[in-house]
Amino acid sequence: MYEAYECSQLLKLSVPIECIAAYEDHLLVGTKVGHLLMYSISSRYSDNKNEVHLLRYNKTFSKKPIQQLAVVQEHQLLISLTDNVVCVHDMAIINFPTLCVVSETRGATLFSVDIKKTVTQTGEKSVIVRMCVAVKRKLLIFYWKNGTFHSLMEEISMPDTPKALAWIEETICVGFKGDSVYMLYHLNKDSKKDQTQTPLCPPGNRSPSVLEMNGEIFILGKDNHSIFIDTQGNPAGLKQMKWENVPRDLVYDEPYLVALSPESIEIRTVEPSLIVQTHLLDDPKMIIRCKSGLLYAASGAFVWCLQNVTWSRQIHFLLEQKQFQLALKIANISDETSEDKAKNVHQIQTLYAYDLFNKKQFKESMEQFLKLETNPYEVVKLFPNLLPQQERLKGQTEAVVKLEDIDLESGLLALIEYLTKVRLAKKSEKEKKDKEFSEREKKRMRKLTPEEEVKIDAENKVYDQFCKATEQLFQIIDTTLLKCYLQTNDAFVAPLLRLNHCHLGEAEKMLKKHEKNSELIILYQTKGLHKKALELLQKQSTQQDPSLQGHYRTVLYLQNLGRENIELIFQFAGWVLEEHPMDGLSIFTEEMPEVEGLPRPKVLDYLLRLHKKLVIPYLEHVIHVWNDSSTILHDALVHQYREQAISLFTAGKLSEEKEVRAKLLAFLEVSKNYSPENALVQFPYDSMFEERAVILGKLGKHEQVLSIYVMMLGDVNRAIQYCHEVYSNQKEGADEVYVLLIKMLISPPDSWLRGVPVSPATSKPDLETALSLLEEHAAKIQPIQALEVLPDTVPICRIRHFLEKSLQKQLNERRHILVLKGLTFAENLQAQEQRMHYFESKITSITELNVCSVCKKRFGNQSAFARYPDGDVVHYHCQDRKAQQ
């Protein structure tokens, strides 16, 4: 497919090659005759040539074939398996002297080394080296310390002889010869009991092979397939790989898996699974990875070098073939600077996102755009007719793919999800910025240096720019979402419009096009275009649209407008009040904060001018339900009751007039907020006497009230009841009210009250009622005033009871005063005694040696001082400071 590695021959040896190892720029070759060769290799990309220098050649390294080599570079160790025993050599010395022979490994067939690098709490770096050795049918685990390998745990018994080993963390994967299965061994060095094993798939008809990948996954060989499992034995989620031939050896060099076959080297990618390249070689037997992008392969006589093609060339090839995922992996592992790497990754991801879109993989494409934080404007441009017309005229770049029918719907649904996530993220960011702005403004409340003021001003300027840009972004997102919802799911249109960020012109145009009148009203409402909304509601009230038909939506809309739109409410409430008076009245009486906050005098004036029949129901609701105490409204209700009563009487509707007068009378008696003076002048002199009497009573005109009850209405009992109310409430003139009634009963008003028409039935004196009243309420009447009113002809025996009660009352009051006087005098004597005990009985001596406990200064001859009950003495001017201590 493309060139990933450049292959070149490095060595041709005259002795048979048995194994190889490499690190950095060094290559180690172990031969069948026991020779060990060490080369330095300098690779150059420019001319595809490698400079090879033989650094060391030890012909006496071993008398037997060198079966396996491993390098621990951090400790300069070379681990070898020769003559079926593991030895450790010092790489720092030319002839690789033996440091130790691990005698427990005699009979070993292979080993695997695990190197773990850690950082201690003190910041020191440490390297832990562990080794697993297969000896016949058992595994031995060692660790390196103090120049030798020590046993880490007890040996592990195997069901067969291991032929392949790989080690990841605490898990060892073992492949056995023959038809046995692969096994996973999970280590726990504290207890052999806790070691667990997991059987895996059989290797098939070939020798087993196990390879570690990225420290997470084992790659198992099964015939000409490679299977990927995790450390728990579960499938790793990667598609198994099929090779052209059964691999002799495998090596993983991210992102490539390289396999040896009898005549070639086959290079593939793991994910996606692709054939990348094939190199023809003469009978290769083994391959190792030195470092990223550098591999060595060997046969019996030759060693080849596989050097990766520059990452930039590989990325270029992959982008041409639209293998974006693979290009991303290579870009992430490239050796470029972090800035260049981030730039390349972003560019590849962007191309990948557009390619996914063109392949109609809309959801995946939008996920990529979201990760890249692509400008939503650029994403919206991929869809037809979503941007405003003026933007499309600027030269919209349409996507290569043409979206129609089900593809368009799928694309719009993916776009909706993308824009929703972008909106939530931006909203969260704005909330964070708003919080920071509030904190900065709080700082201004305390004194700041000029530098801090300048810094805050600069930050606030950036914040203002951010808010402006965010608002523009919200407008693009919401307007686009509106268009998408209208084409996919119009149930989401109304909730979206309440967010109030849609472009007015575009949104209005689209809603009218789709005949979404209910949603159009929401748009007008959120944008503050209440007049247009109400005009549309009035127009639609007679149409067939069930959601807008009738007057209820208008009523609800007007109820939510509030006092700042009172004139608009008056303008559009009229047609509802005329056609549906009581429903229309709820515009001004609904239990809502917006309705309760309307200016009630203005509402009253509006109803008086245009809808007078609704004035009384409105005033009754405001006063009785909302408990309004405004004098204007209470006076208005009195006036409306009076007018209605007179109108009904004139029309001859006496029963209705009686009900209205009952409500008027009750309101006059209960209400404390109307103005009696204003109300009195409105009532006639020749009728409505009871109402007039109640008003006069509020003004304290007791004589006129009693004259109305007694002379006009002939209701003495009501007059007596009025006297009781005045006296019990101790109103002004309460001590004279009974005398006034008695005087009125004894002397008819025609002799002393002028200008008031008198009923003939009540113009005669009623001495018996007066005397009865005098006797019954003797304690409430001043005796002297009563005696002045009574005629001289009344026998003393008739007023005996009254006189006794009056005298007894006077005696009781005198006795009560004398008792109070005595108690007060006793209390005064007690207070004087306490004063003498606490103050005059104690002496405070002040000399020049005394010191003020507050200022610590001495008292001078002319010093004024203050003494506290606890005996503490301070200067007079220090007593305030003493109180603060």
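Computed over heavy atoms, backbone and side chain alike; hydrogens, waters and symmetry mates excluded.
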So does Asp464 pair up with Lys468, basic N to acidic O under 4.0 Å? no
Just jot down the side-chain contact (heavy atoms from CB on, under 4.5 Å) partners of Lys698, sequence neighbours excluded, or say none. Tyr674, Pro676
By side-chain contact (heavy atoms from CB on, under 4.5 Å), Lys527 pairs with (sequence neighbours left out) Asn500, Leu504, Leu523, Leu529
Any Lys/Arg nitrogen of Lys483 or Glu506 sitting under 4.0 Å from an Asp/Glu carboxylate oxygen of the other? yes
Assess whether salt bridge (charged side-chain N to carboxylate O under 4.0 Å, His left out) is satisfied between Arg609 and Asp605, documenting all intermediate values. CA-CA 6 Å; Arg609 288 185 289 105; Asp605 179 65; 3.1 Å; yes
Those residues at least two apart in sequence (or on a different chain) that pass side-chain contact (heavy atoms from CB on, under 4.5 Å) with Leu473 are Pro376, Lys426, Ile477
Is the ring centre of His530 less than 6.0 Å from the ring centre of Phe572? no
Under the ring-ring contact (aromatic ring centres under 6.0 Å, His included) test, residues paired with Trp575 that sit two or more places apart: none
Does NZ or CZ of Arg423 fall inside the cone over Phe474's six-membered ring, less than 6.0 Å from its centre and within 45° of the axis? yes
Sorted by chain and number, sequence neighbours left out, side-chain contact (heavy atoms from CB on, under 4.5 Å) with Ile476 holds for Tyr377, Thr480
May I ask you to establish whether Lys433 and Phe466 are in a cation-pi arrangement, using a distance under 6.0 Å from NZ or CZ to the six-membered ring centre and at most 45° from the ring axis? yes
When Glu441, Lys455, Glu436 are each screened for side-chain hydrogen bond (donor to acceptor under 3.5 Å, both in side chains) with Asn460, the one that passes is Glu441
Measure from the side-chain N and O atoms of Asn358 to the backbone N and O of Tyr354, and report whether any donor-acceptor pair falls under 3.5 Å. yes
Measure from the side-chain N and O atoms of Ser647 to the backbone N and O of Gln644, and report whether any donor-acceptor pair falls under 3.5 Å. no
Between Lys443 and Glu439, does any NZ, NE, NH1 or NH2 come within less than 4.0 Å of an OD or OE carboxylate oxygen? no
So, are Lys532 and Glu508 salt-bridged, with charged N and O less than 4.0 Å apart? yes
Salt bridge (charged side-chain N to carboxylate O under 4.0 Å, His left out) partners of residues 640-649, not counting sequence neighbours, each pair once: Lys612-Glu643
In plain terms, say whether Lys359 and Asp355 are close enough for a salt bridge, that is, a side-chain N and a carboxylate O under 4.0 Å apart. yes
